[in-house]
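Notes follow once the structure below has been shown.
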Amino acid sequence: MSMNKNLFDYLSNEKDEDIFFLLGSGYDGSKGKAYLKLLDPRKQEIILLYDETNHKPYCYSKINIEELKNREDLIKAGAINFIQEKKYDPLIDSYIEVTKIIASDPLSIGGRKDSIREIIETWESDIPYHLNYLYDMNLIPGMPYKIENGILKMASSLNEINKMIIEKFNNKNEEEKKEIAKWLLLLEAEQPEIKYVSLDLEVLSPISTRVPNPAKAEYPIISIAFVGSDGLRRVLMLKIKENIENIENKEFTVTFFNNEREMLREAFNILNKYPCVITFNGDDFDLPYLKNRAEKLNMSKEEIPIIISKEGASLERGVHIDLYRFFFNKSIQVYAFGNAYRENTLDGVAKSILGRGKIEILKNLSELSSKELAEYNFGDALLVHDLATINNNLVIKLLIVLSRISMMPIEDVCRHGVSGWIKSLLYYEHRKRNYLIPRPEDIIKEKGVISTKAIIEGKKYRGAIVVQPFPGVHFNVIVLDFASLYPSALKIWNLSYETVRCPHSECKDNLIPETSHWVCKKIKGLQSLIIGCLRDIRVEWYKPKSSDKNLTQEKRIWYDIVQKALKVFLNASYGVFGAEAFPLYCPPVAESTAAIGRYAFKKAVEKAKEMNIEIIYGDTDSLFLKTKNYETIEKLIKWAKESMGLDLEIDKIYNYVVFSSRKKNYLGVTDKGIVDVKGLTGKKRHVPEFIKKAFNEMLNELKNVKNEEDFEIAKKKIENLIREWYFKLKRGDFALEELAFHIMISRKPEKYMKTTPQHVKAAKKLKSKGIDIVAGDIISFVKTKNKEGVEPLQLARKDQIDTEKYIEYLRSTFEQVLDALGIDFNNIVGVTSLESFL
DNA sequence: GCGGACTGCTTACCT
DNA sequence: ACAGGTAAGCAGTCCGCG
């Protein structure tokens with residue numbers, strides 16, 4: 001890499017108004033300083049800005065300052081200074097004296113066996129130093145900054161449009177307005193355009209079923225593909241023996257190298273030209289392999305621009321986005337992508353999102369010709385690039401927004417789940433307000449109380465209510481739901497770890513329904529304020545804008561990105577407080593939230609009944625009402641707002657719904673002609689394609705039903721198609737793959753101690769054939785007549801299929817719907833009582 | 001020694 | 001390492017049965 005230019009040299013020929021985007025932060029051990037990674041959007045370079053304020057790592061102790069000063073062990077561990085401070089302790093609602101222990105470097109605080117936090121009781125000693133620095137400097141990653149006299153100043157202010165938005169929130173109180181304005185400033189700020197390059201490498205490994213170990217990096221890298229957002233399309237290849245051939249490809253250019261070191265040198269040259277590198281699993285494979293291989297080939301430290309830490313991989317002058325980590329994130333999967341993909345492989349994600357997967361190779365990597373290898377390698381890099389590009393750079397924009405909300409650099413956002421994001425956000429807010437961040441044991445000591453009993457054994461507290469559905473076909477159904485019920489509960493009932501079971505005796509009469517918990521009447525809870533405001537901003541601004549037909553599509557996509565990012569935070573804000581691993585774990589907060597949810601839900605059900613509206617189903621926050629009377633609905637909505645302050649909304653209108661007596665299991669056709677399927681087996685991803693096709697044919701018939709007469713016609717057609725699919729099975733009229741179940745294996749096959757489910761049996765058979773199976777793999781298998789009853793798809797033959805098992809599966813899949821239609825599967829396929837005996 | 005009833009494990013889904 | 005509630009299929013066990 002180029003030597004560190006001094007930032008001010010760099011700026012000398014820049015204009016004052018030039019802005020930079022803060023993309024990351026880190027700690028430079030050799031300089032003993034924190035630094036910032038700033039993107040220069042004009043040059044598309046990352047510049048490093050080192051701390052000039054002499055900021056040092058620190059933590060807090062409740063031990064008297066004089067006593068601490070005299071402790072040799074602390075000095076030996078790296079303590080360099082002690083300062084007495086007053087901090088607000090939210091758990092006791094008062095200011096306390098604490099001693100700030102300042103250390104020479106982050107490892108003195110924590111990370112070694114003899115670090116300060118191992119010697120004495122400390123507070124705030126587990127925050128990574130690079131985040132600590134951002135919080136203290138009030139720097140928000142993802143935001144634009146100007147540099148004035150060496151000091152960063154946020155280059156975003158509320159413009160006229162933003163002020164208009166704030167008008168919308170004029171009904172809020174002063175505290176809320178202040179908070180909302182702060183968030184709008186972050187969310188509405190200019191987005192950076194980042195030039196990026198995707199990277200993928202191939203290693204020549206003697207064992208094809210195993211991924212080469214990046215720590216050892218013992219085998220040569222034979223091919224490296226790059227796809228840049230600026231149009232770069234290159235493959236670097238190592239010339240190995242007889243594989244030299246002239247590769248002509250319109251899509252990319254190939255450069256051959258005689259020497260691996262020369263190839264890596266060129267690869268690093270390319271990496272250095274981009275401020276952002278995108279990979280799929282680059283944290284755990286591509287980047288560490290590159291670095292370790294380069295070291296093995298005796299390349300000098302200065303030549304290798306890759307930084308590996310236990311958190312992941314980064315670049316000296318760049319940021320690294322690992323899409324594997326990003327797509328693996330459950331919240332991203334569910335809320336940002338609406339469960340569009342289920343597998344965490346590049347092939348699986350790409351197929352679902354881009355509609356195309358990896359290039360299939362039937363041979364070993366080592367048996368490919370140069371041309372085939374280049375195409376395969378390039379194909380992967382292109383998929384990674386396209387995943388980042390799709391929907392107007394959705395992934396990168398989403399990361400930037402998440403970064404601004406969580407107060408974490410994008411690299412950290414990629415590597416952590418929602419609990420990490422919310423933790424970071426709350427820690428930042430504590431710092432800003434001079435709150436001492438409590439330790440988990442501090443909260444549990446006072447607030448480990450639980451007062452309800454869960455329905456599911458092993459769970460900690462009672463959750464939501466699900467109403468028994470009224471079986472049958474129902475026309476004219478309106479679905480009402482509470483907009484963001486749990487975040488609303490947090491907001492309205494002032495729920496936060498410090499306000500639930502607060503220390504004031506005068507608050508103890510402010511009880512949460514169905515629990516023994518009370519809530520503070522004097523202090524506004526931090527969590528309640530922040531989540532409440534984020535909720536309002538989403539519900540009242542970004543959500544409606546995301547479907548505003550007056551806006552351009554590009555604008556709508558942008559609003560949708562912000563809306564989705566907010567949704568991720570809102571949805572998780574309740575759950576994290578019920579998760580033991582969350583550092584602010586506070587069971588009464590989670591329990592109270594769920595209890596208020598039940599309370600609001602029950603009251604709404606009661607009210608609807610009182611208004612003579614027929615309720616046919618409901619789950620957590622939704623009510624399925626059988627009515628055409630919009631006036632009464634409006635009244636119910638108004639009542640919810642007035643009596644509880646909750647927004648009840650019309651979520652959907654169904655021409656009709658079909659219920660069996662199963663909860664979380666139904667089918668409906670909306671007024672827009674869309675067939676909604678919830679929870680039915682025929683829709684589950686692991687179900688064989690054969691069953692799904694049959695099921696989808698039924699949905700097609702149901703889609704066109706408008707009234708009772710249509711229904712009779714559809715029923716006949718459904719009966720016919722079921723008969724058809726049944727005979728296809730009987731006749732053997734199917735391809736083997738169509739009958740495969742695809743089930744995810746959640747651990748290694750040998751880790752199943754209690755039972756051996758079918759997919760594990762299949763996985764073990766694969767393993768015995770030398771195929772490596774790891775947690776998260778999707779196992780494809782068919783049901784067979786052999787003694788185990790299963791065979792992995794790869795090893796199965798068509799004549800082994802146990803047809804009866806599939807007929808049974810077809811039956812149970814259809815029964816979930818046929819029950820309600822009054823159709824009997826067995827009657828259709830002609831199973832008479834006599835036949836079933838035989 | 002067999003088979004139905006039952007429990008527990010596992011996965012996928014809903015909100 | 002966000003939560004609890006529900007469905008379904010299968011594995012394994014218990015218990016009655018001359």
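By convention in this document, chain letters (A, B, ...) are assigned in the order of the sequence lines, proteins followed by strands, and residues within each chain are numbered from 1.
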Item to complete: Determine: side-chain N/O of Thr620(A) to OP1/OP2 of dT15(B), distance under 4.0 Å, yes or no.
Response: no
Among dA11(C), dC2(C), dT6(C), the one nearest any side-chain atom of Ile456(A) is dT6(C)
Which of dT10(B), dG5(C), dA1(C) is nearest the side chain of Pro757(A)? It is dT10(B)
With the side chain defined as heavy atoms from C-beta on, Ile743(A) is closest, among dG4(C), dT11(B), dC13(B), to dT11(B)
Ranking dG5(C), dT10(B), dA12(B) by distance to the side chain of His686(A), first place goes to dA12(B)
In terms of relative ring orientation, are Tyr599(A) and Trp493(A) parallel, tilted or perpendicular, with 30° and 60° separating the classes?
perpendicular
Side-chain contact check for Lys805(A): nearest option of dT10(B), dG4(C), dC10(C) is dC10(C)
Ring geometry between Tyr726(A) and Phe825(A) (parallel below 30°, tilted from 30 to 60°, perpendicular above 60°) | perpendicular
Closest to the 5' end of DNA chain B, once Glu457(A) and Ser622(A) are matched to their nearest nucleotides, is Glu457(A)
> dA7(C) phosphate, OP1 or OP2: any side-chain N/O from Thr681(A) under 4.0 angstrom?
Replying inline: no
Of dG4(C), dC2(C), dG12(C), the nucleotide closest to the side chain of Thr756(A) is dG12(C)
Distance col, row Ile637(A):CD1 vs Asp647(A):CG, nearest 0.5 angstrom, shows 9.5 Å
Winner on side-chain proximity to Val466(A), out of dG12(C), dG5(C), dA7(C), is dG5(C)
Checklist line | Residue-phosphate contact under 4.0 Å: Lys683(A) side-chain N/O, dC14(B) OP1/OP2 | finding: yes
dG8(B) phosphate, OP1 or OP2, under 4.0 Å from Tyr752(A) side-chain N/O
no
Checking dT15(B), dA12(B), dT11(B) against the side chain of Asp621(A) (C-beta onward), the nearest is dT15(B)
Review point. Within less than 4.0 Å of OP1 or OP2 of dC10(C), is there a side-chain N or O belonging to Lys783(A)?
Key: yes
Do the side-chain N or O atoms of Arg747(A) get closer than 4.0 angstrom to the phosphate oxygens (OP1, OP2) of dT10(B)?
yes
**Study point:** dA8(C) OP1/OP2 closer than 4.0 Å to side-chain N/O of Arg662(A)
**Key:** yes
Item to check | Row check, Tyr497(A) ring normal vs Lys447(A) NZ/CZ: under 6.0 Å, within 45° | outcome: no
- request: Tell me whether the OP1 or OP2 atom of dC14(B) has a side-chain N or O from Lys664(A) closer than 4.0 Å.
  value: no
message: Taking only side-chain N and O atoms of Arg598(A), does any of them lie within less than 4.0 angstrom of OP1 or OP2 on dG4(C)?
response: no
Of dT10(B), dC14(B), dG4(C), the nucleotide closest to the side chain of Tyr461(A) is dG4(C)
Regarding the side chain of Ser812(A), the nearest nucleotide among dA7(C), dG9(C), dC2(C) is dG9(C)
Answer yes or no: is there an ion pair linking Arg117(A) with Asp126(A), defined by an N-O contact shorter than 4.0 Å? no
Is there a side-chain contact between Gln816(A) and the phosphate of dA8(C), meaning an N or O under 4.0 Å from OP1 or OP2? yes
Hey, is the side chain of Lys663(A) poking within less than 4.0 Å of OP1 or OP2 on dT6(C), counting only N and O atoms? yes
5'-most contact on DNA chain B (nearest-nucleotide basis), Val334(A) vs Val760(A), goes to Val760(A)
